[in-house]
Amino acid sequence: MSENKQYKIEETSEDAHIIHLKHQVDVVFDEKYDYYLKSPVKKFFSKIFMFFAIHIFKVINFFFYGLKIVGKKTLKDLRKQKTPFVIVANHCLVLDSDFAVVTTFPRTTYVPTVEPTMKIPFVRHILRAGNIVPIPFNLKGLVKFKKDCNEMLQNGKSMLFFPEGALWPWYGKLRNFKPGAFRFAVDGNAPVLPYCIYFRKRTGLWKLLGRKPLATMEILPPIYHNKDLPKKDAINDLMERTHAAMKQVIDKHPYDNPKYAEIEKELYGDKTETATAESSQEENAENNNSASNDSTTTENEKQ
């Protein structure tokens, strides 16, 4: 895709997919499907697969994305508690799930994905070995999926969700969340661990290896639900606090992808332009204040 070609969506919604999957096999994900691997043999081979895959992921993450991970100590401290947790991240890269899985290994991390992803020929077997599980369209399958996900957390596994829903590749802003991940966190009495993915400019030798920006993933402190609130309110409160915490971090590292200009105009009108302008004004104000303070300091030193 050329630099100036716009991304397109088929419906006016943040749920609209940018990437459309074709050539799918006919597989039914219903109440008979094992979303949670319990077979000792399957679990063993999955561990073996992940042991080798993790090293491949690290190489890909570094050379393709120049990935930097910030906040590893937060995850290390949480691991010591040996508690299950629900990771939530913004969905802005095709392989962003690999970013998170690399940080949690050897703990098993299950990653729910849209059903069509698990219908890609051959690839679906690799994804399944990597603990990717489909979110079924089938109603009975969805009931089983929810049951298995709750059991995963009860057994100390971690889960990774993208609460924005659809993948918008190389999109540098945080979109609205859906409550599913936070419902599992409340039901499983598990903290939410926010992973913020944002972009930075290429510098030095990185300029020779590509044009797209490099990626940074920042792990924020865990967020716990308010046990004093009714369940529905606790879910919404947890979702809102998580979104606010992640937005604060991602907004500090703005990246406007011109390929989304038409989509943003269609969905948000002039709100995006206004928000960008306000962000720019705030940044200029901070720079001016900093320059003013530096000037004052210099004058005082001269005196």
Engineer: Output yes when Lys144 and Glu31 qualify as a salt bridge under the 4.0 Å nitrogen-oxygen rule, no when they do not.
Structural biologist: no
Engineer: Evaluate the ring planes of Phe184 and Phe145, with Trp represented by its six-membered ring, and classify them as parallel (under 30°), tilted (30 to 60°) or perpendicular (over 60°).
Structural biologist: perpendicular
Engineer: Apply the test side chain to side chain donor-acceptor pair (under 3.5 Å) to residues Glu218 and Tyr195: give CA-CA distance (whole Å), side-chain angles for both, the deciding distance (0.1 Å), then the verdict.
Structural biologist: CA-CA 6 Å; Glu218 184 169 341; Tyr195 278 33; over 6 Å; no
Engineer: When the ring centroid of Tyr255 is compared with that of Trp170, is the distance short of 6.0 Å?
Structural biologist: no
Engineer: Would Asp251 and Lys173 count as a side chain to side chain contact (heavy atoms under 4.5 Å, CB included) if you check the C-alpha gap in whole Å, the side-chain angles of each, and the deciding distance to 0.1 Å?
Structural biologist: CA-CA 7 Å; Asp251 284 355; Lys173 302 167 187 174; 5.7 Å; no
Engineer: Nearest 0.5 Å, please: how far is CE in Met217 from NZ in Lys72?
Structural biologist: 9.0 Å
Engineer: Go through the steps to decide whether Asp34 and Lys38 satisfy the test salt bridge (Lys or Arg N to Asp or Glu O under 4.0 Å), and finish with yes or no.
Structural biologist: CA-CA 8 Å; Asp34 291 326; Lys38 298 178 183 179; over 6 Å; no
Engineer: Would you call the rings of Tyr198 and His253 parallel, tilted or perpendicular, taking 30° and 60° as the class edges?
Structural biologist: parallel
Engineer: Could you go through the side chain to side chain donor-acceptor pair (under 3.5 Å) check for Lys47 and Thr108 one step at a time?
Structural biologist: CA-CA 8 Å; Lys47 280 288 185 184; Thr108 300; 3.3 Å; yes
Engineer: Could you grab the distance from atom CG of Asn138 to atom CG of Leu142, nearest 0.5 Å is fine?
Structural biologist: 8.5 Å
Engineer: Rounded to the nearest 0.5 Å, what's the gap from CD1 on Ile135 to NZ on Lys146? Could you check?
Structural biologist: 10.5 Å
Engineer: Taking NZ, NE, NH1 and NH2 as the nitrogens, is one of them in Asp26 or Lys119 under 4.0 Å from a carboxylate oxygen of the other?
Structural biologist: no
Engineer: Would you sort out whether Arg241 and Asp237 count as a salt bridge (Lys or Arg N to Asp or Glu O under 4.0 Å), showing the intermediate values?
Structural biologist: CA-CA 6 Å; Arg241 286 189 288 123; Asp237 173 70; 2.9 Å; yes
Engineer: Taking the six-membered ring for Trp, is the centroid-to-centroid distance between Tyr35 and Tyr33 below 6.0 Å?
Structural biologist: yes
Engineer: When the ring planes of Phe182 and Phe177 are compared, do they come out parallel, tilted or perpendicular, using 30° and 60° as the limits?
Structural biologist: parallel
Engineer: Please report the interatomic distance CD1(Ile126) to CD1(Ile132), rounded to the nearest 0.5 Å.
Structural biologist: 11.5 Å
Engineer: For the rings on Trp206 and Phe62, is their centre-to-centre separation under 6.0 Å?
Structural biologist: yes
Engineer: Supply the atom-to-atom distance Asn61 CG to Leu93 CG, rounded to the nearest 0.5 angstrom.
Structural biologist: 9.5 Å
Engineer: Are Ser158 and Thr109 close enough that a side-chain donor and a side-chain acceptor fall under 3.5 Å?
Structural biologist: yes
Engineer: What's the separation between atom CZ in Phe161 and atom OG in Ser97, rounded to the nearest 0.5 Å?
Structural biologist: 13.5 Å
Engineer: Do Tyr268 and Glu14 pair up side chain to side chain, a donor and an acceptor below 3.5 Å, judged on atom types alone?
Structural biologist: yes
Engineer: Would a line drawn from the ring center of Phe29 to the ring center of Phe137 be shorter than 6.0 Å?
Structural biologist: no
